[in-house]
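Input: a single structure, listed below in structure tokens.
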Amino acid sequence: MEAAETMTQSRADCLLDGLTDPQRDAVTHAEGPLLVLAGPGSGKTRVITRRIAHLIVGGTPPWTILALTFTNKAAGEMRQRVADLLGDESAVARGLTVSTFHALCARLLRRWAEGIPGAGLTGDYTIYDTSDQVSLMKRVIAELGLNTGNWPPRSVLSAIGNAKNELLDPEAYGQQAHDFYGRQIAKLYGAYERALRSANAVDFDDLLVLTARLLRDNEEVREQLRHRWEHVLIDEYQDTNHAQLVIARLIAGERRQMPGMPGEFIEPNICVVGDPDQSIYGWRGADLSNILEFEEHYPSARVIALGENFRSTSPILAVADGLIRRNLRRKHKELFTSRTGGEPVEVALALDERHEASQVAQWLGARHEAGTPWREMAVFYRTNALSRVMEDELRARTIPYSIARGTAFFDREEVRSAVAYLRVLANPSDDVSLARIINTPARAIGKTTLARVQEAAQTAHVPVLRAMREGLAADAVGTRAAPALRRFVDLMDSLTGAGTFMGESITGSLADLVERVIRETGLEAMYAAQAQATGGETDAERLENLSELVSSAAEFEERFDPEADPSLSDPKSLARRQAVGAPPLLVMLRAYLESIALVADADAIDPAQGAVTLMTLHASKGLEFSAVALIGLEEGLLPHSRSQESPAALEEERRLCFVGITRAMDHLRLSCARYRTHRGFSERSTPSRFLDELDEPSIVRVDLADSDEFIGDEGTDLDRAPNAPGATSPARGAARLFPPGCAVRHEQFGVGRVIAVMAGTTPRARVDFRDVGVKTLVLEFARLRRIDPSA
DNA sequence: TCGTTTCACTTTTTT
DNA sequence: AGTGAAACGA
């Protein structure tokens with residue numbers, strides 16, 4: 001007994017090793033609400049993981065702890081670090097729930113969908129992503145007799161999303177709508193919700209909204225979960241929205257009187273960690289007041305500020321501080337580091353985006369020469385579109401890189417199609433997925449046929465697949481279509497192995513199912529035929545992606561642990577599940593589809609790869625790298641043009657820049673380009689105002705546009721155009737480079753002779769090509785090259 | 001019904 | 001530029 005205690009004691013002490021006083025306070029804080037205001041690099045993750053470990057070592061059962069993060073990757077890392085701290089395997093941490101908000105909600109809903117009064121949802125629901133939402137909304141708009149021109153699906157969805165984040169249902173939204181627009185949106189909102197429910201589907205926002213409703217309206221579930229999770233910890237609290245706040249509060253519980261002890265209270269054990277200066281998801285409903293008003297929500301809260309930065313050198317921190325100070329709606333927080341010295345931050349002006357990319361690549365190369373491994377370097381940008389140039393450049397120089405785009409794979413059309421089949425198998429009511437695959441590959445079921453079946457299904461209030469199976473549209477569809485529909489139903493039924501649906505008892509391999517879907521639906525044959533016909537690389541690639549999907553399913557299957565499901569969370573039900581043995585295929589399929597739906601870009605980062613990481617500023621949150629290059633610091637990009645009208649949005653852009661800067665440990669480089677090609681058009685850009693807000697003594701400005709490689713002013717810049725593909729070339733001088741009659745070569749059209757050059761904002765040339773005849777080309781993009789001897 | 005072609009637009013960020 | 005949808009022709 002005594003020995004055990006000593007051991008526990010010493011392990012607890014270990015957990016406090018190397019912590020500063022405030023860090024230690026946060027780790028050891030016992031009961032009641034706790035707010036940790038953690039500046040960048042202040043050891044936030046360290047504090048959370050040690051706090052969890054400390055609780056467990058102190059006797060708190062792991063299954064009474066719930067930790068919430070924003071990405072799966074963050075959750076995985078947190079779980080791993082806790083396990084590492086606890087040493088003896090993960091056994092100690094068994095039952096500990098570390099999850100994203102969305103994944104937690106998805107699982108709670110799996111378990112209790114039927115327990116939400118009036119929601120009409122069942123546990124086999126599908127999660128719709130943005131493009132599914134758009135498809136559904138288009139249909140809803142059409143059904144209400146509106147047109148997508150006046151009611152752009154995305155805008156409507158965004159209005160609905162905002163309403164959902166505030167937990168307003170269609171009725172409540174309609175009540176507070178006072179103009180025509182608002183009332184129409186309310187109508188669309190209601191119809192959209194009905195359409196979702198009849199497809200037994202939820203969108204991302206619903207995961208939160210419905211969970212909030214479940215907890216609010218179902219006392220039994222609420223009490224059960226409250227009882228189960230005695231400790232709730234939330235990371236990145238500054239990025240939670242209203243629905244998430246409500247969920248957290250409902251699970252954590254309220255301050256309440258201790259039974260039989262008047263004057264004594266039980267405080268909820270809710271610990272939130274965040275930094276208002278790193279709030280970057282306001283556009284998606286994140287509410288900064290959640291963290292700012294934490295003390296009002298929990299008057300007894302203890303507040304601990306972690307200001308010391310252990311990550312960045314002092315010039316980097318000074319630059320970050322100088323920038324963030326410009327935000328007016330902000331409580332100032334002193335940032336300090338003991339990492340004095342260090343290189344100044346490089347601020348560079350490049351000629352154009354290619355030039356910028358090349359300079360960045362060179363800079364990364366120099367860092368590598370100096371001993372920094374590729375994997376400790378990163379390039380950040382405001383928009384995904386900016387990754388392209390950077391990729392091209394790194395590829396050309398054979399610098400290893402990887403892009404953080406978690407969804408990229410599952411966004412490919414062939415993968416989406418295969419997944420749509422799986423979704424229909426898992427949820428036969430999923431009409432959006434059904435519409436996607438009913439004629440892929442082509443089965444002579446065209447637009448009109450589909451519309452007729454959909455209509456028949458609608459009037460009969462049944463899912464489309466069922467309407468087809470029961471031949472409800474038999475007289476409405478043509479004689480050719482009817483057997484085609486029949487064959488499709490038979491195909492789907494043959495995949496489930498039954499006339500009805502995969503019974504719960506069916507077991508088997510998920511990977512096998514995926515493979516059968518790809519083969520038996522004809523997807524594989526379709527791409528194989530195309531690959532053969534065109535010899536096209538893309539089709540061969542598609543086949544590869546499909547087989548990669550099979551691998552991903554196999555991998556998932558391997559890792560799948562039905563016990564890790566927090567919805568079932570009490571030890572009793574764990575035992576019950578274990579007794580069941582192998583998980584039914586359907587359960588696994590649902591879990592697989594769910595994991596696909598909830599991947600984040602940041603999840604795709606694998607530091608083991610030994611490559612430079614390219615990602616958006618948003619995805620960079622929570623990470624750190626030895627060397628960071630931030631590109632595209634231009635007005636309109638960072639801050640983004642869409643944010644310039646509101647001061648609040650502008651401040652969020654500044655915070656975004658702050659987040660990027662503070663990811664850097666040792667080396668930081670910020671750059672902008674004088675010209676940038678937008679959507680096909682090269683435009684002069686203005687350096688970001690943020691570049692004027694940096695701490696001058698900590699930076700060194702390099703005007704690379706003036707360096708020897710690119711001589712100075714625009715005149716000479718223009719002269720590069722004919723020989724430097726992609727170099728931007730504004731109007732002036734263009735005509736002079738391509739005198740009428742000169743011979744030119746075009747990548748695609750071959751050789752030809754210039755007829756005339758038209759000046760203007762976008763100078764064009766009329767060229768008579770030997771093979772393809774006369775074409776008019778925009779000089780900026782045509783990449784024309786003179787090939788006559790005089791050139 | 002299906003394939004091609006033209007045309008029109010463009011959310012930046014993501015669970 | 002690139003994509004996705006409407007329009008058109010077979």
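Here is how names work: the chains are called A, B, and so on, in the same order as the sequence lines, proteins then strands, and each is numbered from 1. Everything numeric in this text was worked out from a predicted model, so none of it was measured.
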Between D275(A) and K44(A), does any NZ, NE, NH1 or NH2 come within less than 4.0 Å of an OD or OE carboxylate oxygen? no

Under 6.0 Å from the ring centre and within 45 degrees of the ring axis: does the NZ or CZ of R663(A) meet both conditions for the six-membered ring of F380(A)? no

Qualifying residues under ring-ring contact (aromatic ring centres under 6.0 Å, His included), relative to F204(A), sequence neighbours excluded: none

Rounded distance in Å - CZ (R676(A)) to P (dA1(C)): 18 Å

Would you kindly give the CG-to-P distance between D392(A) and dA1(C), to the nearest whole Å? 15 Å

Could you check how far CD of E683(A) sits from P of dA1(C), rounded to whole Å? 14 Å

Tell me whether the centres of the aromatic rings in H355(A) and Y675(A) are closer together than 6.0 Å. no

Under 4.0 angstrom, heavy atoms only, what part of the nucleic acid is T449(A) near: base, sugar-phosphate, or nothing? sugar-phosphate

Quick one: do E353(A) and R388(A) make a salt bridge, cutoff under 4.0 Å? no

For R443(A) against I438(A), the heavy-atom pair lying closest together: NH1-O, 3.1 Å

Spacing of the P atoms in dT13(B) and dG4(C) (rounded, Å): 15 Å

Each nucleotide of nucleotides 5-10 of chain C classed B (base within 4.0 Å of a protein heavy atom), S (only sugar-phosphate) or -, in 5' to 3' order, makes S-----

Encode nucleotides 9-15 of chain B as B, S and - characters from 5' to 3', where the letter depends on protein heavy atoms closer than 4.0 Å: B to the base, S only to sugar-phosphate, - to neither. -BBBBBB

Sub-6.0 Å ring centroid separation between H640(A) and W283(A): no

Does the Lys NZ or Arg CZ of R284(A) fall within the cation-pi geometry relative to Y281(A) - under 6.0 Å from the ring centre and within 45° of the axis? yes

